[in-house]
2 protein chains.
Amino acid sequence: MNPELSLRRNAVDHDPALQDIGAQIAQARRSAGLTQEQVANLAGITRPRFRDIEKGIAAARTSTLLNIARAVGLEVMLIPQSLMPAVRALLQQSDDDDQPAFVAEPDEGPDAGMG
Amino acid sequence: MNPELSLRRNAVDHDPALQDIGAQIAQARRSAGLTQEQVANLAGITRPRFRDIEKGIAAARTSTLLNIARAVGLEVMLIPQSLMPAVRALLQQSDDDDQPAFVAEPDEGPDAGMG
DNA sequence: TGAATATGATCTGTAAACGGATCATCGCTA
DNA sequence: TAGCGATGATCCGTTTACAGATCATATTCA
């Protein structure tokens with residue numbers, strides 16, 4: 001009774017940390033130009049399962065997470081909490097050089113932008 | 001037959017990447033001065049289960065891995081493979097700072113060193 | 001229009017990560 | 001020697017990440 005008081009994790013109770021990891025995987029997958037099915041095959045799981053993981057619905061096993069990360073060009077690393085700011089700065093910095101300040105649009109007239 | 005040719009993952013076939021993660025967790029746990037039981041409680045699992053994970057025998061769920069990492073002062077991060085050398089350099093550097101170039105020995109005379 | 005592709009979603013079974021209990025072994029200290 | 005804490009290890013039952021199949025919903029393109 002009183003399911004609100006239960007400590008049990010329901011299927012609806014999605015961990016935000018899992019969703020965050022799923023979002024990072026999804027972004028890396030799109031950056032790599034891969035479909036869900038391709039990554040699922042590379043990681044040795046099925047597409048429905050990979051979808052659940054990308055959505056943060058399911059908590060993949062560590063071995064599966066390693067395979068997925070590598071398939072999309074990422075690596076799972078355990079970082080001391082004290083070094084997280086430095087690592088974040090490193091990631092942020094490389095993100096900044098990745099993209100120029102404004103992106104060249106392939107198919108719009110010269111007066112289409114920034115109206 | 002020819003078990004070497006089989007693609008199947010047996011229970012005996014322990015993934016070295018899992019063992020590596022387990023070793024990192026064990027080292028961080030000892031650095032934090034925590035017992036297996038303490039970390040297991042902090043992570044919300046039982047001690048036998050945590051032992052399996054630390055040994056690399058079992059592949060913890062991602063949610064469990066996150067809880068364990070935080071319990072021992074670590075964080076799970078997804079790093080682009082291209083940035084791994086930089087991150088490794090960062091970890092190596094802070095490891096070097098942790099320990100002075102030579103360790104003061106508690107019980108040796110002044111003429112004992114660098115003979 | 002329709003075909004092809006990518007993604008969302010649900011179903012039935014199975015394998016493995018979980019809880020909980022139990023016992024053994026090792027190292028340390030009184 | 002006995003006692004205690006930490007770790008190694010195995011048992012059974014439950015939960016859930018998995019496989020595999022199926023159907024629906026865009027979206028794109030001929």
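Residue numbers start from 1 in every chain, and the chains themselves are labelled A, B, ... in the order their sequence lines are given, proteins ahead of strands.
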- request: Taking the side chain as every heavy atom from C-beta outward, state whether Leu91(B) and Pro80(A) have any atom pair closer than 4.5 Å.
  value: yes

query: Can you tell me how far P of dG20(C) sits from CZ of Arg51(B), to the nearest Å?
result: 18 Å

SB check Asp52(B) Lys55(B) (cutoff 4.0 Å): no

- prompt: Counting only side-chain N and O atoms of Thr35(A), is one of them less than 4.0 Å from OP1 or OP2 of dT5(C)?
  reply: no

For atom CG of Asp52(B) and atom P of dA9(D), their distance in whole Å: 9 Å

- prompt: Taking CG from Asn67(B) and C1' from dC18(C), how many angstroms apart are they, rounded to a whole number?
  reply: 13 Å

- request: Check every strand shown and say whether Arg29(B) touches a base, only sugar-phosphate, or nothing at a heavy-atom separation below 4.0 Å.
  value: sugar-phosphate

Atom-to-atom span, CD of Gln36(B) to P of dA9(D) - whole angstrom: 10 Å

- prompt: Nearest to the side chain of Lys55(A), which nucleotide is it out of dA9(C), dA19(D), dG8(D)?
  reply: dA9(C)

query: So, does the side chain of Arg47(A) form a donor-acceptor pair with the base of dG20(D) at under 3.5 Å?
result: no

- request: Side-chain contact test, heavy atoms from C-beta onward, threshold under 4.5 Å: evaluate it for Val87(A) versus Glu75(B) and give yes or no.
  value: no

- prompt: Tell me, for nucleotides 25-30 of chain D in 5' to 3' order, what letter each nucleotide earns: B for a base near a protein heavy atom under 4.0 Å, S for only sugar-phosphate near one, - for neither?
  reply: ------

task: Return the value, rounded to whole Å, for the distance between atom CG of Asn41(B) and atom P of dG19(C).
output: 10 Å

Nucleotide dT7(C), atom C1' - distance to CG of Leu34(A) in whole Å: 15 Å

query: Are a donor atom and an acceptor atom from the side chains of Glu37(B) and Asn41(B) found within less than 3.5 Å of each other?
result: no

query: In whole Å, what is the span from the CG atom of Asp15(B) to the C1' atom of dA17(C)?
result: 16 Å

- request: Look at Arg61(A) and dA16(C) and indicate whether a side-chain polar atom (N or O) is within less than 4.0 Å of OP1 or OP2.
  value: no

field: Donor-acceptor pair, side chain of Gln81(B) and main chain of Leu74(A), under 3.5 angstrom
entry: yes

statement: Assert: residue with more 5' nearest nucleotide on DNA chain D, out of Gly44(A) and Pro48(B), is Pro48(B)

task: Grab the CD-P distance between Glu54(B) and dA9(D) for me, whole Å please.
output: 12 Å

statement: Result for side chain to side chain contact (heavy atoms under 4.5 Å, CB included) between Val39(A) and one of Ile25(A), Ile53(A), Leu34(A) points to Leu34(A)

field: Along DNA chain D (nearest heavy atom to each residue), the more 5'-positioned of Arg49(B) and Gln38(B)
entry: Gln38(B)

Ile45(B)/Asn67(B) under side chain to side chain contact (heavy atoms under 4.5 Å, CB included): CA gap, chis, key distance, verdict: CA-CA 9 Å; Ile45(B) 62 175; Asn67(B) 291 333; over 6 Å; no

